[in-house]
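Per chain, numbering begins at 1; letters A, B, ... match sequence-line order. Hydrogens, waters and symmetry mates play no part in the numbers below; they use all other heavy atoms, side chains included. Owing to the predicted nature of the structure, the values given are computational and were not obtained by experimental measurement.
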Amino acid sequence: MKIQPVQGTRDFYPDKMRWRNWLFDACRQVSQLYGYEEFDGPFVEYLDLYAAKSGEELVNEQTYIFESRGGEKLAIRPEMTPTLARMVAARQNELRKPIRWFTIPNIWRYERPQRGRKREFYQYNIDLLGVESIEAEAEVLSVVVDIMRALGLEKGEFVIRVNNRYYLEDLLRKLEIDIDKKDAVFREIDRVEKLKPEAFRTNLETVGLSADQITALDSALRQKNFGDFPALKSLWEKFEQYGISDYVEFDPSIVRGLLYYTGTVFEVWDPTKKFNRAIMGGGRYDNLITSLGGQPLPAVGIAFSDVTIEEMLAQQGKMPELPREIDAYVAYYSAGEKATAIKIAADLRKSGLRTELNILDNSLDKQLKAANNSGARYAIIVAPDELQRGEVNVKNLRQREQKSVKLADLGEALKG
RNA sequence: GUGCCCAUAGCUCAACUGGUUAGAGCACUGGUCUGUGGAACCAGGGGUUGUGGGUUCAAGUCCCAUUGGGCACCCCA
């Protein structure tokens, strides 16, 4: 019987796992540099947690829902923010503020997999809660910029597109577009880039906008200047102070689908747009904690997944080479030297060196080949003649040089 | 959830319009080389052609279903 993996799930063989760890390490390191702490939560929640505020389609069509044995409606987390909000609301008073948290949960969404989209993925989330000023946005985006740079992406290789939903609402008001039509109009704005111009017009006509309103809206969306809109103006001043203004640009067509965003929204994109989706998405969600029964608490967050970031790196030829690496491989001439080899390996490990011991009683020839494939920097060859002098051969596998070393000096010889 | 494309050894691919025991390169194992690795040469193992049905004298090749992968839509990380 041959069983294939479940659609859209991920197998991480060691080669791939090294990459995942590399990615997670970068996220953790940078987040901690800014004083953010890692947290985690359960990967199942009551469905109601999402029903409240996530997007309708996300909950109704893309969430894995099941009934527990007790008959409760449960959901496998399709995003992390509601869990974060629930946890914060539950201990709101005792938590030190502002709250700087990050997490890398495993997320599930029931969608048709395609490039940059699986059903199972890891999603780095960073959130800053308790800061009303737009300085929060600047700090969170600054972390994001540093992570991208830690991953090897420089200026011009990614761009953070920023907007503010209130700016859009303002725009609708100026164009005298009925506020009741906001959701429908936002939806079209959100995908204006993907729609053909005619489709954009027709869709808005269907919503009930006049030809003049559509033309005015269309040209306003091309305007890459937010004028004197206060929130955006001071946000750009902060970007300047944080030294990240080279990485951001204003884009009035950024809306975001999730319902809980208020004010600032942002997305990270591949500037070549070869990958025609946002790599990251986030924004301000000032009302989510209250809607889950907490006291008012402003919040800003952003998230990206291992799948999209991999696509981004691959697209730009930036996937790192991460070969297997250990410090030493212990080989031995014959079974007679094995006991000594075991002891040497144990000693090396005690001194913190990653040491693989040859475990098959095969020829030296094979052992050296294995040593080479193990990714070891050094091969330790335990052989009778040298052993009589209290020495072993130490072979630098990269430089192909070999010397005989006293057992007592072995640890020192491998440090360089 | 809708439409379309794809599926042959661990990997990348072959196999004329359906026609004899499904091939190659790389990788792997062994040998040339029983105290020393990445080269070369030689040899070898490994596929009931994703799975299950059907058509046919005959199917990797045609049909149906199913599973997985990909692209667009949808949505979104």
A:Gln114 vs B:G69: side-chain N/O to OP1/OP2 distance below 4.0 Å:
no
Measure the distance from CG on A:Leu368 to C1' on B:C33 and round it to the nearest whole Å.
13 Å
With nearest nucleotide decided by heavy atoms, which residue, A:Gln123 or A:Arg191, maps closer to the 5′ end of RNA chain B?
A:Arg191
Here's a test for you: under side-chain contact (heavy atoms from CB on, under 4.5 Å), which of A:Leu209, A:Ile177, A:Val192, A:Asp218 qualifies with A:Leu204?
A:Leu209
State plainly whether the residues A:Glu198 and A:Lys196 are in salt-bridge range, i.e. N to O under 4.0 Å.
no
Does A:Gln402 get its side chain close enough to the base of B:G35, under 3.5 Å, for a donor-acceptor pair?
no
Same-atom distance (C1') from B:C63 to B:G25, integer angstrom:
34 Å
Counting only side-chain nitrogens and oxygens, does A:Lys366 get under 4.0 Å of the OP1 or OP2 atom of B:G31?
yes
Against the side chain of A:Lys395, the closest entry in B:G35, B:U36, B:C76 is B:U36
Within the structure shown, what part of the strands sits under 4.0 Å from A:Ala278 by heavy-atom distance: base, sugar-phosphate, or nothing?
sugar-phosphate
Within the 6.0 Å centroid threshold, strictly below: A:Tyr167 and A:Phe226:
no
Report the residue (A:Ser305 or A:Arg117) whose heavy-atom-nearest nucleotide on RNA chain B is the more 5′ of the two.
A:Arg117
Is A:Ile309 touching bases, backbone alone, or none of the nucleic acid, heavy atoms closer than 4.0 Å?
nothing
Taking A:Asp251 first and then A:Lys224, would you say they form a salt bridge - that is, a charged N and a carboxylate O separated by under 4.0 Å?
yes
B:U34 - base-pair partner by Watson-Crick or wobble geometry, distances under 3.5 Å
none
Which nucleotide in B:G35, B:A77, B:C28 has an atom nearest any side-chain atom of A:Arg256:
B:A77
Just call it for A:Asn393: base, sugar-phosphate, or nothing, with non-hydrogen atoms closer than 4.0 Å on any strand.
base
Give a yes or no on whether the backbone of A:Asp385 and the side-chain of A:Gln388 come within a donor-acceptor separation of less than 3.5 Å.
no
How close or far is atom C1' of B:G35 from atom CD of A:Glu391, stated in whole angstroms?
16 Å
Taking atom C1' in both B:C26 and B:G45, what distance in whole Å separates the two?
16 Å
Gap in Å between the two C1' atoms, one belonging to B:C13 and one to B:C6, rounded
14 Å
Can you tell me if A:Gln7 touches the phosphate of B:G68, counting only side-chain N or O atoms and a distance under 4.0 Å to OP1 or OP2?
yes
What string of B, S and - do you get for nucleotides 4-9 of chain B, 5' to 3', if B is base contact, S is sugar-phosphate-only contact and - is no contact with any protein heavy atom under 4.0 Å?
B-----
Can you tell me the pairing partner of B:C71 across any strand shown, Watson-Crick or G-U wobble, with both distances under 3.5 angstrom?
B:G3
Indicate, with a heavy-atom threshold strictly under 4.0 Å, whether A:Ala383 touches base, sugar-phosphate, or nothing.
base
A:Glu337 has an atom CD; how far is it from atom C1' of B:U36, in whole Å?
14 Å
Provide the distance between the two C1' atoms, one in B:U49 and one in B:A22, to the nearest whole Å.
8 Å
State the pairing partner of B:U51; accept Watson-Crick or G-U wobble contacts with both distances under 3.5 Å, and report none otherwise.
B:A65
Contact list for residues 393-405 of chain A, test salt bridge (Lys or Arg N to Asp or Glu O under 4.0 Å), sequence neighbours left out:
none
Same-atom distance (C1') from B:G60 to B:U8, integer angstrom:
6 Å
Please report, rounded to the nearest Å, how far the P atom of B:G1 is from the OH atom of A:Tyr64.
11 Å
Please report the distance separating the C1' of B:U55 from the corresponding atom of B:U12, rounded so that it comes out in whole Å.
33 Å
In terms of the angle between their ring planes, are A:Tyr110 and A:Tyr64 parallel, tilted or perpendicular, with boundaries placed at 30° and 60°?
perpendicular
What is the distance, to the nearest angstrom, from the NZ atom on A:Lys369 to the P atom on B:C33?
16 Å
Rounded to whole Å, the CZ-C1' distance (A:Arg77 to B:A77) equals 14 Å
The side chain of A:Arg109 lies closest to which of these nucleotides: B:C73, B:A77, B:G35?
B:A77
Short N-O contact, A:Glu38 and A:Arg28, less than 4.0 angstrom:
yes
Any strand, both distances under 3.5 Å, Watson-Crick or G-U wobble: B:A77 pairs with none
Full working for salt bridge (Lys or Arg N to Asp or Glu O under 4.0 Å) between A:Lys118 and A:Glu120
CA-CA 5 Å; A:Lys118 309 276 182 200; A:Glu120 179 200 14; over 6 Å; no
For A:Tyr260 and B:C76, what is the distance between atoms OH and C1' respectively, to the nearest whole Å?
11 Å
Nearest-nucleotide pick for A:Lys118, side chain only, options being B:C76, B:G70, B:A77:
B:G70
Are OP1 or OP2 of B:G69 and a side-chain N or O of A:Arg115 less than 4.0 angstrom apart?
no
Between A:Arg149 and A:Glu157, does at least one N-O distance fall below 4.0 Å, as a salt bridge requires?
no
Is a donor-acceptor contact shorter than 3.5 angstrom present between the side chain of A:Glu267 and the base of B:A77?
no
Round to the nearest Å and state the distance from A:Ile104 atom CD1 to B:A77 atom C1'.
14 Å
When rounded to the nearest Å, what value does the distance between P atoms of B:U20 and B:A72 take?
40 Å
Write down the distance separating the C1' atoms in B:A9 and B:A15, rounded off to the nearest Å.
14 Å
For B:G23, give its Watson-Crick or G-U wobble partner with both distances under 3.5 Å, or none.
B:C13
Residue that, paired with A:Glu356, satisfies salt bridge (charged side-chain N to carboxylate O under 4.0 Å, His left out) out of A:Arg349, A:Arg377, A:Arg324
A:Arg324
Is there a Watson-Crick or G-U wobble partner for B:C28 with both distances under 3.5 Å, and which nucleotide is it?
B:G44
Check whether the aromatic ring of A:Phe304 stacks on the base of B:A77, taking stacking as ring centres less than 5.5 Å apart and planes within 30° of each other.
no
